Number of protein chains: 2
Amino acid sequence: MRPHELPEIRHLPLFRDMLQANFEALMQGAYAQAFPAALELIREGDPADFLHVVISGTVELYARWGGRECTMAVIRPLGTFILAACIKDAPYLMSARTLERARIVLIPTSDLRAIFRRDPEFAVSVIQELAGCYRAVVRHAKGLKLRTSRERIASWLAHRSALCGNVASFVLPVEKRLLASYLGMTPENLSRALKSLEADGVTMDGMRITITDRARLHALAKPDRLIDGPDPAGASSGSHPPSVGNEG
Amino acid sequence: MRPHELPEIRHLPLFRDMLQANFEALMQGAYAQAFPAALELIREGDPADFLHVVISGTVELYARWGGRECTMAVIRPLGTFILAACIKDAPYLMSARTLERARIVLIPTSDLRAIFRRDPEFAVSVIQELAGCYRAVVRHAKGLKLRTSRERIASWLAHRSALCGNVASFVLPVEKRLLASYLGMTPENLSRALKSLEADGVTMDGMRITITDRARLHALAKPDRLIDGPDPAGASSGSHPPSVGNEG
DNA sequence: CGAACCCTTGACAGAAATCAACTAAGGTGG
DNA sequence: CCACCTTAGTTGATTTCTGTCAAGGGTTCG
């Protein structure tokens, strides 16, 4: 592991409150590794061996069933994923693959489970992290069940704009096909719906989105902090805001 | 609180491993209360004041947005709900109402947070519970995104049959309108889809479902433990299996 | 007995997936 | 440096699915 990486990990909400000795013990068995783009890191159904921490690059969490596939979340530095499977010592529910070249730290689950049993501060951090992840997925499920496709897109755009500081224009942080999958629709549907949103105060030029009429967009999106998440600062866990949703 | 209730709560996975003194302290501030049917216990957006434990009766967790409403889970005895909101000291993401007369124990969140900080065993139990809840919602979201309505119904029926010991015939544990909402569709859609499942090995008579051709049903449902959950025994938290899904 | 309410069914409209074709951009290899 | 290939994105035509509106049957409960 590189010298600058350890302090970075140490500052993550998940690890910042634990005893130094325990942190060192945890990192003893951990190792960093670089992966090329589009590599499958985790296959759903496999036993959970390592907690993953993304140091650089981007990782997609996705799920498969009966030949279909959908994006569940995108993890950016510095974020962790598949904590819950590690804790339950249960098979992964989601697969993971790199979207671009990525550097990832792998922490053995056995060490993890041993250490949160003897470090109460770390246990509390794990609780906070899990509670945050849980609430993130509940919000995602609410969006899927309560909103139509167009409404999900509109909400996502409005929320993204808010995350960027209420800017009127921003660039999509992920491919449209991935965004479509995350939002629970086909790429064709996203493409058409985005165009149709011109009538609701949004224009698009390639990957650049411009909100031309915030009031009109909000009338459709009806932003709701109980679905879209807390507004600017309160990005639950990481120091960097997740790009499409962190549910790992 | 009634004399028999305390030991029942004590035996819940969430409370069974903590120190007796801490359990008593937790129960000191708790109180049980009976509620009539169809009463709103919790309104989403409100601050989380109490962890709820269902002693008897049934509770529905649901969500609202823009005039629409959907069922997120049904909690039966002895189950807990809204643990995550309590822990994060954040507003509830879901509302809750009784489906029938229910008796519920309310545990102040402040006590809860204070005690898992000083009782490592309790902290571990909270971690296990949260991880289980998280995985339950992830599975629910996967079902919504990867399966069509008919497939969700078929899977739910197949899984329910498995929970009952692979019986060929069983009675729906909830109203069809509620099941429809839980599965992310309208009652009309469920009604029609159920009828159409006759071609796939399922017949229906009122609330009674009969699987006439398991192989055919499974061909459509493609049961998957990474979506439908572990088969018989491993019902995550409670001693009683949840009736439509426990994500509280 | 009446009033809700749940469930079902029909007719219809709207939304979304699918299939197919085409464009444009990026990367590779000659 | 250019030709080629791959892939993301778009668009159109079509089908399938799903929600909506409306009406009627059956049940429960007051």
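Letters A, B, ... are given to chains in the order of the sequence lines, protein chains preceding strands, and every chain is numbered from 1. Keep in mind that what you see is a predicted model, and the values were worked out from it rather than measured. Side-chain atoms are counted along with the backbone in the values below, which use heavy atoms only and exclude waters and symmetry mates.
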Quantified as the angle between the terminal helix axes (five pairs each), what is the overall bend of the helix from C:dC1-D:dG30 to C:dG30-D:dC1 to 10 degrees?
40°
Is there any side chain to side chain donor-acceptor pair (under 3.5 Å) pair reaching into residues 167-176 of chain B, and which pairs are they, with sequence neighbours excluded?
B:Ser169-B:Arg208, B:Ser169-B:Thr210
Using a 4.0 Å cut-off on protein heavy atoms (strictly under), produce a 5'-to-3' string for nucleotides 16-30 of chain D with B for base contact, S for backbone-only sugar-phosphate contact, and - for none.
--SSBB---------
Residues which pass side chain to side chain contact (heavy atoms under 4.5 Å, CB included) with B:Pro173, listed by chain and number, not counting sequence neighbours
B:Arg76, B:Trp156, B:Arg160, B:Ser243
First contact, last contact: which nucleotides of DNA chain C are these for chain B, 5' to 3', heavy-atom distance under 4.0 Å?
C:dC6 to C:dA11
Quick test of your reading: applying salt bridge (Lys or Arg N to Asp or Glu O under 4.0 Å), list the pairs with at least one residue in residues 164-174 of chain A, sequence neighbours left out, ordered by first then second residue.
none
Using whole Å, what does the distance between atom P of nucleotide D:dA8 and atom CE of A:Met207 come to?
11 Å
So, the side chain of A:His52 versus the backbone of A:Phe50: is there a donor-acceptor pair under 3.5 Å, distance only?
yes
Which pairs with one or both residues in residues 187-197 of chain B pass side chain to side chain donor-acceptor pair (under 3.5 Å), sequence neighbours excluded?
B:Arg150-B:Ser196
Provide the full list of salt bridge (Lys or Arg N to Asp or Glu O under 4.0 Å) pairs with a residue in residues 46-59 of chain B, sequence neighbours left out, each pair given once.
none
Sequence neighbours excluded, the answer for side chain to side chain contact (heavy atoms under 4.5 Å, CB included) partners of B:Ala221 is B:Ala154, B:Ser155, B:Ala158, B:Pro223
Pairing residues for B:Arg216 by the salt bridge (Lys or Arg N to Asp or Glu O under 4.0 Å) criterion, not counting sequence neighbours:
B:Asp213
Any A:Lys176 side-chain N or O less than 4.0 Å from OP1/OP2 of D:dT10
yes
Please list, chain by chain and in numerical order, all residues satisfying side chain to side chain contact (heavy atoms under 4.5 Å, CB included) with A:Ala90, sequence neighbours excluded.
A:Lys88, B:Arg135
Respond yes when some side-chain nitrogen or oxygen of A:Lys195 is under 4.0 Å from OP1 or OP2 of D:dT10, and no when none is.
no
Contacts of A:Arg101 that satisfy side chain to side chain contact (heavy atoms under 4.5 Å, CB included) - sequence neighbours left out
A:Ala34
